[in-house]
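Since the structure comes first, as structure tokens, the remarks are kept for the end.
Protein chains get the first letters and strands the later ones, always in sequence-line order, with residue 1 at the start of each.
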2 protein chains.
Amino acid sequence: MNNTPIHTDSHTIAELFRSELNLFSPAELKLVNYLLTNYPMSGLVSITELSENCGVSTPTVMRTLKRIGFASFTTFQKELKEELQQTLSDPIAKHDRWAADAPKEHVLNRVADTVTTNLRHSLNQINHEQFDAIIDLLANQEHALHLLGGRITSAFARYLNTHLNVIREDVHLFPETASLWPHHLLKIKENDVVIMFDVRRYEQDLITASRLLKARGAKIILFTDQWLSPVADYSEHTLPIRIEGKSGWDSGVVTLFFAESMIVALEERLWSQTSKRMRELEDMFDLTERFKKKIK
Amino acid sequence: MNNTPIHTDSHTIAELFRSELNLFSPAELKLVNYLLTNYPMSGLVSITELSENCGVSTPTVMRTLKRIGFASFTTFQKELKEELQQTLSDPIAKHDRWAADAPKEHVLNRVADTVTTNLRHSLNQINHEQFDAIIDLLANQEHALHLLGGRITSAFARYLNTHLNVIREDVHLFPETASLWPHHLLKIKENDVVIMFDVRRYEQDLITASRLLKARGAKIILFTDQWLSPVADYSEHTLPIRIEGKSGWDSGVVTLFFAESMIVALEERLWSQTSKRMRELEDMFDLTERFKKKIK
DNA sequence: TTTAACCTGTCAATTTTTTTACATAAGATA
DNA sequence: TATCTTATGTAAAAAAATTGACAGGTTAAA
């Protein structure tokens, strides 16, 4: 069926074995056959177990692997794992390119790749029940809601603030400058909820604030990265979001994704109330003529 | 064909960890978090390597696994391998949903769907050569760069401002309130570049500002939605971004995606200069001790 | 402040795995 | 047949991994 190999070298370890089948002696063939039929899991056990599984001695396994180019059993297994890693993180469903007219290496394609990978990882890491519990907290309007972010993440706090203010009452954004935070802290009562953003590098002011918040009995919902901000020690709920870009930069897109998911979830939960607030807001805007009139 | 679930309790090991997150102490959380982030490959190395990878001791790994019900590290690894075996023999089911442990209708899965659809559409609509031309404009530091957004999108202007200020000089954010914009307009010279955000509902203030900007000879780069803001009439480059959420809400995630792609592209273009600025910034932060020291 | 409980790491004992050295057997060649 | 080569296993040494005992440190409670 497949008559032309695309690459002569550098393919899977399985192919390497298959292409050199005539190299092996009978006992070695027994091993290779076993490896190939239960590929790749068969190679992930100890050399002892592997040799038992296919009825040869451990030195035979060693010799076979050396013959085909691996320095030791250990290096063989390591390469096998890397290959498996590849397979797992590069599922077939993945789109070849996102921006079809741009080359694969174009920045738009690279960033799209990174972002979707981050999204996938983050969603695998975050428990949806925990997410729902957060929405429960936010939906309870007996307690005020406050938003706080760091140097980079304060933009997200703002974004969330704008939307949450439409959805429910009693939503407050911390002031821009940290020196004003103490004043704001005074307003916070026990069981108030604070949504906080802190990604690396973790900021001293935020850590201090979180300690004070905890002391006042506020509940912190923390957006952080996979390495967990120290604020996590004081938070009620922690969302560890994968923010890593390949070449050093950190991406905020997935963070915004979760913020937005919260907005959607909360809006659905409080819809009857929200729709009323939205209508009022529309009326307000009409009066101030801040927005362009609809064309139709 | 197969209508009965094979195991009713067939939780993956990942789910087991996620469901018992409150059980763990800080060091144990570090481990669990690492395991989940690089799941499942992270668990396929020796206990020694695993402990080194996430910065805890081997006994901590043991205790964590025992606490959650595994008799030993060895049994944990064996079960993990069996699970992986399963996954490998059933590869398609994997990316049906984004958050694998949540039902398809869960808000996280719906928003993830919407966002990726929007991303795909937007990337098909936007010419990558135009994107590159925008980067050319931004890379030219003879002219100042200004940022301006609306009620909701000002958060993006802010985010972009924070990052662009690290990358190049002469980057300025418009003030918060529209009444102060005239003052800021005075500072803008011919051929200065203005990045502007305007999505529906289009704001009167922004339209006015864009007319004035054009009159002063400034070049506008416009982030807008698929229905195009009236500002597009005055802009040099327009990025029509698909922002539509299924049930009425508008998503900002893809907008941020393009903003971030700009940051990455520009950073790469100006890297020698940027890296210098970043180092200086780091030194500055060290002096002010604003950030938590690296734990090392 | 003291005490107790708990967290977490170091270190060492024990077990397992990996690797090497060597021996035996089978078959080929002279 | 004698000898050499190749194939393969046994067993022991070396390396590494797993596990348990213990102790310093930290936090919470009295």
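Partners of R168(A) by salt bridge (charged side-chain N to carboxylate O under 4.0 Å, His left out), not counting sequence neighbours: none found. Partners of T58(A) according to the side chain to side chain donor-acceptor pair (under 3.5 Å) rule, which considers only residues two or more places apart in sequence or in another chain, do not exist here. Taking the side chain to side chain contact (heavy atoms under 4.5 Å, CB included) definition, one finds that P240(A) meets it with Q125(A), I126(A), L228(A), N33(B), sequence neighbours left out.
Atom CG of L31(A) and atom P of dG9(D) are 11 Å apart (whole Å). What separates CG of L29(A) from C1' of dT8(D) is a distance of 14 Å, to the nearest Å. One can place CD of E28(A) at 10 Å from P of dG9(D), the figure rounded to the nearest angstrom.
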Tabulate below the donor-acceptor pairs under 3.5 Å that side-chain atoms of residues 186-196 of chain A make, not counting sequence neighbours, or state none.
{"unit_1": "D192(A)", "atom_1": "OD1", "unit_2": "A144(A)", "atom_2": "N", "d": "3.2"}
{"unit_1": "D192(A)", "atom_1": "OD2", "unit_2": "H146(A)", "atom_2": "NE2", "d": "3.4"}
{"unit_1": "D192(A)", "atom_1": "OD2", "unit_2": "K189(A)", "atom_2": "N", "d": "3.0"}

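Once you apply a 4.0 Å limit to the heavy atoms of chain A, the touched nucleotides of DNA chain C run 5' to 3' over dT17(C) to dT20(C).
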Sequence-aligned protein contact record of nucleotides 18-29 of chain D, with B where the base is within under 4.0 Å of a protein heavy atom and S where only the sugar-phosphate is: BBB---------
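In this structure, CZ in F174(A) is found 11.0 Å from CG in L180(A), a value given to the nearest 0.5 Å. With values rounded to the nearest 0.5 angstrom, D198(A) atom CG is found 5.5 Å from T224(A) atom OG1. For the atom pair CD1 (I241(A)) and CZ (F257(A)), the distance works out to 9.5 Å, reported to the nearest 0.5 Å.
Within 4.0 Å of S57(A), counting heavy atoms only, lies at least one base atom of the nucleic acid.
Defined by atom type and a distance below 3.5 Å, a donor-acceptor pair is missing between the side-chain atoms of E28(A) and T60(A).
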